[in-house]
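Have a look at the structure below, then the notes.
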Amino acid sequence: MRWRRLRRRPLALAGLVGAVLFVAVAIAGPWVAPRNPLALGQDTLRAPAPPYWFGTDELGRDILSGVLQGARVSLVVGLLSAAGAVLVGVAVGAVAGYKGGAVDEVLMRVTEWVLVVPQFLIVLVVAAIFGSDLGLVIVVLAAVAWPATARLTRAQFLALGGREFVVAARSLGASSRRVVLREILPNALPPIVVAASLQIPSSILAEASLRFLGLSDPNSVSWGGMLNQAQNFLQQAWWMPFFPGAAIFLTVLSFNLAGEALNDLLNPRREV
Amino acid sequence: MKRLLLTVLLLVALPLVVAAQDTPARGGTVVQAISADPPTLNPGTTTDTQAWSVMGKLFNGLTHLDSEYRSHPDLAESWEISRDGLTYTFRLRRDVKWHDGKPLTSADVKFTYLEILAKYHPTGRVAYQAVQSIETPDPHTAVIKLKKPFGPMLFMTNLNSGPVLPKHLLEGKDIATAEFNRKPVGTGPFRIAEAVKGSHYVLERNPDYFKKGRPYLDRVVLRVMPNAASRVLAFEKGEVDVLYSFFLPREHAARLKTTSGIVFKDYMLFPEVITLFFNLKDTKPLGDLRVRQAIAHAIDRQFIADKGYFGLSKPGISPIPSTLAWAHNPKVPLYAHDPAKAQALLDDAGFKAPERMALRLAYDPANSAVNRAAEIVAQQLRVVGINVRQTPMERSLMLEKVFKQYEFDIYIHNYTTYGDPAIGVTRAYDCSNIRPAPFVNVSRYCNPRVDELFAAAAGTADRTERARHYAEAQDLIVRDLPTIALLEYGDTNVARPRVRSIFLSRSAHERWDEVWVTDGK
Amino acid sequence: MALFVLRRFVLLVPLLLGMVLLGFAIVKLAPGDPVQVLVGDYPAPPEYVASVRERFGLDRPAWVQLVRYVGEVARGNLGYSFFYNEPVIDVLRGRLGATLLLMSAAFGLAAVGGIALGVACGRRPGSWTDHVLMVLGLAGYSLPVFWLGQLLLMAFSLGLGWFPTQGMRSLTFGAAVPPALDVLHHLVLPAVTLATRYVALNVRLMRTSFVEVGAMEYITTARAKGLAERVVVWKHGVRNALLPVVTVMGLNFGHLVAGAVLTETVFAWPGLGRLIFDSILHRDYPVMLGGLLVVSVCVVAGNLLADLAYAVIDPRIRYESRA
């Protein structure tokens, strides 16, 4: 029934399709890419035309192949750091909301602190100083992105904590762990899932931003890194920034649209 | 008939126009772009390019250079070198005043060389530590006595490595925090009029400059423009008049050179060689000469020069670049690009395909001179079956990991010659420079014969003799292959057509007193 | 009210202390030796290296350095820059103005543009305008700020030549353009670049909020009373709908800083964000720490302003001190 409503919203559908496509490219990219994106060639700075559909850069590397291959880094970082952020956020929010009292107070202070601090600058500082290794970037991005989920989870727990089914479970002698995991969490989940789905595009953007500032791993191709390289060729080769940037844009847009669609499916309340 | 008249008129008028264009005129402003704020304005303690672009025009050396590294009088009007090469006697001009009105004396020279440059100047240190003593028999004579003959001594008295500083403002001050570092006082053609961090620096004419009628310009403005592409665009729009090579990305230099009317010159004071260092001691495969030869054959230096550096750099030949023509040896063995031969050599050395070996390639990713070369070399080595992992290391990390802990297999860096092999090249190859310090002999190559040759070449001021020693040393090094000279780094400086008499010296900072503009603006 | 502000300022102290601790921890854990970077390319004599180390107090144990640093910061001294060779305060001061200008211009654009467009959507939900603007809003929200900057730069500076490509002012002497106009000319593209994401965000927020406060009901009632529609929309609808927007804008101040770093990079705007990034690359830790601190203060101040604005807009809230 809800699905039918989704069909009436072509944009949301487009978002879902785009997100699925992105994941497919990220998985299959290396096989569909026409050439090795790192391979050098004599055809340098070629405008888009067959056989280089997206043109080539100043060392003759194929931009189409780079865009296809670059999806993987974005996907890995986007998914893993969003997952990390959501896990930490849910854990912190659940404990704070369930325990209440001093624990809640301390956890919320920390949350507020992370929320207020200029997060991207911290990510930048850490990546610049300790190296822009993929794993580290994922951890750091997750480490600053969790507070929103934590607040949301806490609010859900506070709201659900007093509900009959929770009280009933508790009075039947269920352990805290059981109450939290079996009773409250499943019911608190829908808005959290939506928040998580919206965390993916912002993680992708944050990762691309780091790469754009030059903090990238030269052994692999990334969209942000390609844009960084393009910065010196804006005058000569519009295709160098255009295609990787468009890839980031479309991916982020797809995930945002998909997130909205998810929101419609899971939280049908808000229909205007 | 009419046409003839016109032609005659033109023939008469043309030289006039040209003459008008070629006679230096007073007045006008030249705008130069720099990439960042200078860290200090004290030329005695830094070789920072930003800083020198600003303060270089405020000072003089005893001598200045021409485009062939020959020394000419500047603060010194003449000099003599004793036959044993141990005593240099400089006679100073009598009409030189500091910007604050005090006269320049030989005491300033003595103080600068012994108390500042010998202690704090990154390159001057090398030369002035060879100084035994400086005598000042009168205010206009400085007699420099050396501990032992030192080939590059006269060269080192140029502005870049021998800026003369005012004793009366620096004596007894903490060199690191002295007010002088922010408000420099020199003898040069310009003085600082305005300094706005992150934006611009304005230099104005020094009205009491000792060369009469100089400088021609009223002002030199240095704009801080961190974005390379924007610097170039500003140049093309005419908002910037001069771009020196260190601020001009190669991808743009190639295009600008072919733009009509643009004045350009392809050199700078300290030619650099982008050099690939092998870790000879810790990396087993690289201890084998065949492997190093294979790598040399696998690298297409022409591609790096043409595509990576837009034809503005030349493939490297030997550790001393051809731009230092008097010392360069072009007849060393060349390792032509030949992947098949590389594969055969590797097979021969026992490293079989498909993945013959894994190597770590270290470089500084923020260094635009090398990051491109590193990227290309990595890919070219992968083609012959060497699994190269690029390990970019930001500068302070690189100084630690590469130069102290030797955690690399291959390392690429642009080693500068500092204008003389005795200063810039020896350090990378002689046995005494195998030590945990930045930018020394990081391959840990040691060949006693090479050491002898370098020592002999540094011990005399006779260029012909020095050249002979250097030629043999280069041949030995290229055969032993502790390093590969990848590229002679191309240095293209450009100026707008309105700017004249620029690029007279090898140094980007000398002889700004001669620069003039055609439109007086 | 004054007490409320005061209390917020007191809360600022642990926040900033946390920032200092974090920054200090990062610096101490950082690999490499900042002094080596400082002394230049050519092998420096050990005595010189040692003297530099001593001058900046880098020869002391970490905790001594930390205590000393906190003490100095409390007295308003942010230390001395390795790289620029002058007090950190002076280094920052030069850049702070540029960043604040850029950020407030973007903020203003985001507020004005976002609210106006949001109301346009909210007044006629489901209309054609609404649909188009909502899609554009989502698109704007998904644009990477640096890519947008590059595109605008290629189109309007390199292509059409309408705007300068970089920097904050041109330096032609005796120019016909007054300095303020010149800065404004340079400001247009960076400000638009930085603002786009927030315009988009605000449009969506404002629209939802406008619909949810039931602005339409006000309008219907007002119309029944015979009041002019425009007055009603702005006085009742917008004022009430603004509250969540103000909160979110306050919270987004930190993100705005991130956008500023990227925008400053594309357009070479001489701002604080870029300075902090460069200071990391130069390993100029005093500037980095000082910069982070100043940015944190700005972000907190932004939040505080948002709270105050909230109080001004919402007649129900009064920050009384009785509690």
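The structure presented is a predicted model; accordingly, all values stated were derived computationally and were not measured.
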I'd like a table of all donor-acceptor pairs linking chain B to chain A (distance under 3.5 Å, no angle check), giving the atom names and the distance to one decimal.
{"unit_1": "Glu236(B)", "atom_1": "OE1", "unit_2": "Gln235(A)", "atom_2": "NE2", "d": "3.3"}
{"unit_1": "Glu251(B)", "atom_1": "OE2", "unit_2": "Asn232(A)", "atom_2": "ND2", "d": "3.0"}
{"unit_1": "His252(B)", "atom_1": "NE2", "unit_2": "Asn232(A)", "atom_2": "O", "d": "3.2"}
{"unit_1": "Lys307(B)", "atom_1": "NZ", "unit_2": "Gln42(A)", "atom_2": "O", "d": "3.2"}
{"unit_1": "Lys307(B)", "atom_1": "NZ", "unit_2": "Thr44(A)", "atom_2": "OG1", "d": "3.2"}
{"unit_1": "Arg372(B)", "atom_1": "NH1", "unit_2": "Glu58(A)", "atom_2": "OE2", "d": "2.9"}
{"unit_1": "Arg372(B)", "atom_1": "NH2", "unit_2": "Glu58(A)", "atom_2": "OE2", "d": "3.2"}
{"unit_1": "Glu375(B)", "atom_1": "OE2", "unit_2": "Arg61(A)", "atom_2": "NH1", "d": "2.6"}
{"unit_1": "Glu375(B)", "atom_1": "OE2", "unit_2": "Arg61(A)", "atom_2": "NH2", "d": "3.1"}
{"unit_1": "Arg382(B)", "atom_1": "NH2", "unit_2": "Asn219(A)", "atom_2": "OD1", "d": "3.3"}
{"unit_1": "Gln390(B)", "atom_1": "N", "unit_2": "Asn219(A)", "atom_2": "OD1", "d": "2.9"}
{"unit_1": "Gln390(B)", "atom_1": "O", "unit_2": "Asn219(A)", "atom_2": "ND2", "d": "2.9"}

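Contact annotation for Leu234(A): neither backbone nor side-chain heavy atoms come within less than 4.5 Å of a heavy atom of chain B. For Val383(B), no part lies under 4.5 angstrom from a heavy atom of chain A.
The ring-ring contact (aromatic ring centres under 6.0 Å, His included) check on Phe351(B) picks up nothing, with sequence neighbours excluded. Not a single ring-ring contact (aromatic ring centres under 6.0 Å, His included) links Phe235(B) to another residue, sequence neighbours left out. For Val221(A), the side chain to side chain contact (heavy atoms under 4.5 Å, CB included) partners are Pro37(A), Leu38(A), Met226(A), not counting sequence neighbours.
Rounding to the nearest 0.5 Å gives a distance of 4.5 Å between CG of Leu59(A) and CD1 of Ile376(B).
Taking 4.5 Å as the limit, every side-chain heavy atom of Pro218(A) sits out of range of all side-chain heavy atoms of Pro365(B).
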